[in-house]
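For reference, the structure is listed below as structure tokens.
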Amino acid sequence: MDRVNKMVSERPVVIFSKSSCCMSHTIKTLFCDFGVNPLVHELDEIPRGRDIEQALSRLGCSPSVPAVFIGGELVGGANEVMSLHLDRSLIPMLKKAGALWV
């Protein structure tokens, strides 16, 4: 859990993903289209990725990827991110975290 907390504090937006997950790809594309440069951790490509995935599950991420953190706080997965986007709350959240300046 401490490792996850350290990882999410490294940038305003952190995404835990798997390279083969289509929903992870969609979320990464959404943030890049906004001009956000998220830190992406591909759990299937990094050492101890499985341990991190289990820690994300314990935090409440279900499914465990994509798991999106903004400003060090867990936002959730694809459903939560898309809901925030449709509610027009995602961009203000990104600005508040310092991930967008426009």
Side-chain angles (χ1 to χ4, degrees):
M1 204 74 76
D2 289 338
R3 184 171 184 194
V4 170
N5 290 331
K6 182 179 183 293
M7 294 168 89
V8 302
S9 69
E10 294 174 351
R11 292 275 264 298
V13 178
V14 178
I15 302 172
F16 292 92
S17 172
K18 284 189 177 177
S19 59
S20 60
C21 174
C22 64
M23 292 310 292
S24 293
H25 175 76
T26 301
I27 295 302
K28 292 183 287 189
T29 301
L30 175 70
F31 281 106
C32 289
D33 286 350
F34 287 152
V36 172
N37 186 22
L39 176 57
V40 178
H41 295 285
E42 298 289 356
L43 297 181
D44 56 342
E45 297 178 354
I46 62 173
R48 302 195 54 174
R50 184 73 184 126
D51 294 340
I52 295 167
E53 187 174 0
Q54 290 172 349
L56 292 170
S57 292
R58 287 192 297 276
L59 285 173
C61 298
S62 179
S64 58
V65 293
V68 178
F69 290 78
I70 299 175
E73 298 293 322
L74 174 64
V75 172
N79 288 340
E80 292 81 9
V81 170
M82 293 310 292
S83 292
L84 287 169
H85 179 48
L86 293 172
D87 288 344
R88 299 180 186 265
S89 343
L90 184 58
I91 297 289
M93 187 182 289
L94 292 168
K95 287 179 181 176
K96 184 178 177 185
L100 281 179
W101 295 273
V102 179

Separation of [Y] [atom2] from [X] [atom1] (nearest 0.5 Å):
| X | Y | atom1 | atom2 | answer |
| --- | --- | --- | --- | --- |
| L94 | W101 | CG | CH2 | 10.5 Å |
| L43 | I15 | CG | CD1 | 11.5 Å |
| E10 | N5 | CD | CG | 11.5 Å |
| I46 | S19 | CD1 | OG | 11.0 Å |
| N37 | R11 | CG | CZ | 4.5 Å |
| F34 | L30 | CZ | CG | 4.0 Å |

Exercise: identify the closest heavy-atom pair between [X] and [Y]:
| X | Y | answer |
| --- | --- | --- |
| M23 | A78 | CE-CB, 3.6 Å |
| A99 | V13 | CB-CG2, 3.6 Å |
| L59 | L74 | O-CD2, 3.9 Å |

Heavy-atom count around E73 CD within 6.0 Å, excluding the residue itself: above 12? no
Output, in order, the C-alpha distance, side-chain angles, deciding distance and verdict of side chain to side chain contact (heavy atoms under 4.5 Å, CB included) for H41 and I52. CA-CA 10 Å; H41 295 285; I52 295 167; over 6 Å; no
Does [Y] offer a backbone N or O that forms a donor-acceptor pair with the side chain of [X] under 3.5 Å?
| X | Y | answer |
| --- | --- | --- |
| S64 | C61 | no |
| E80 | G77 | yes |
| S24 | S20 | no |
| D44 | K18 | no |

Go through it in stages, so that I can follow the logic: the residues are L56 and F69, the test is side chain to side chain contact (heavy atoms under 4.5 Å, CB included), and I'd like the CA-CA distance, side-chain angles, deciding distance and then a yes or no. CA-CA 11 Å; L56 292 170; F69 290 78; 3.8 Å; yes
Check the pair M93, V75 against side chain to side chain contact (heavy atoms under 4.5 Å, CB included), reporting the backbone distance first and the verdict last. CA-CA 10 Å; M93 187 182 289; V75 172; 4.0 Å; yes
Does some side-chain heavy atom of L90 sit less than 4.5 Å from a side-chain heavy atom of M82? no
Of L86, V68, I70, the residue whose pairing with V81 passes side-chain contact (heavy atoms from CB on, under 4.5 Å): V68
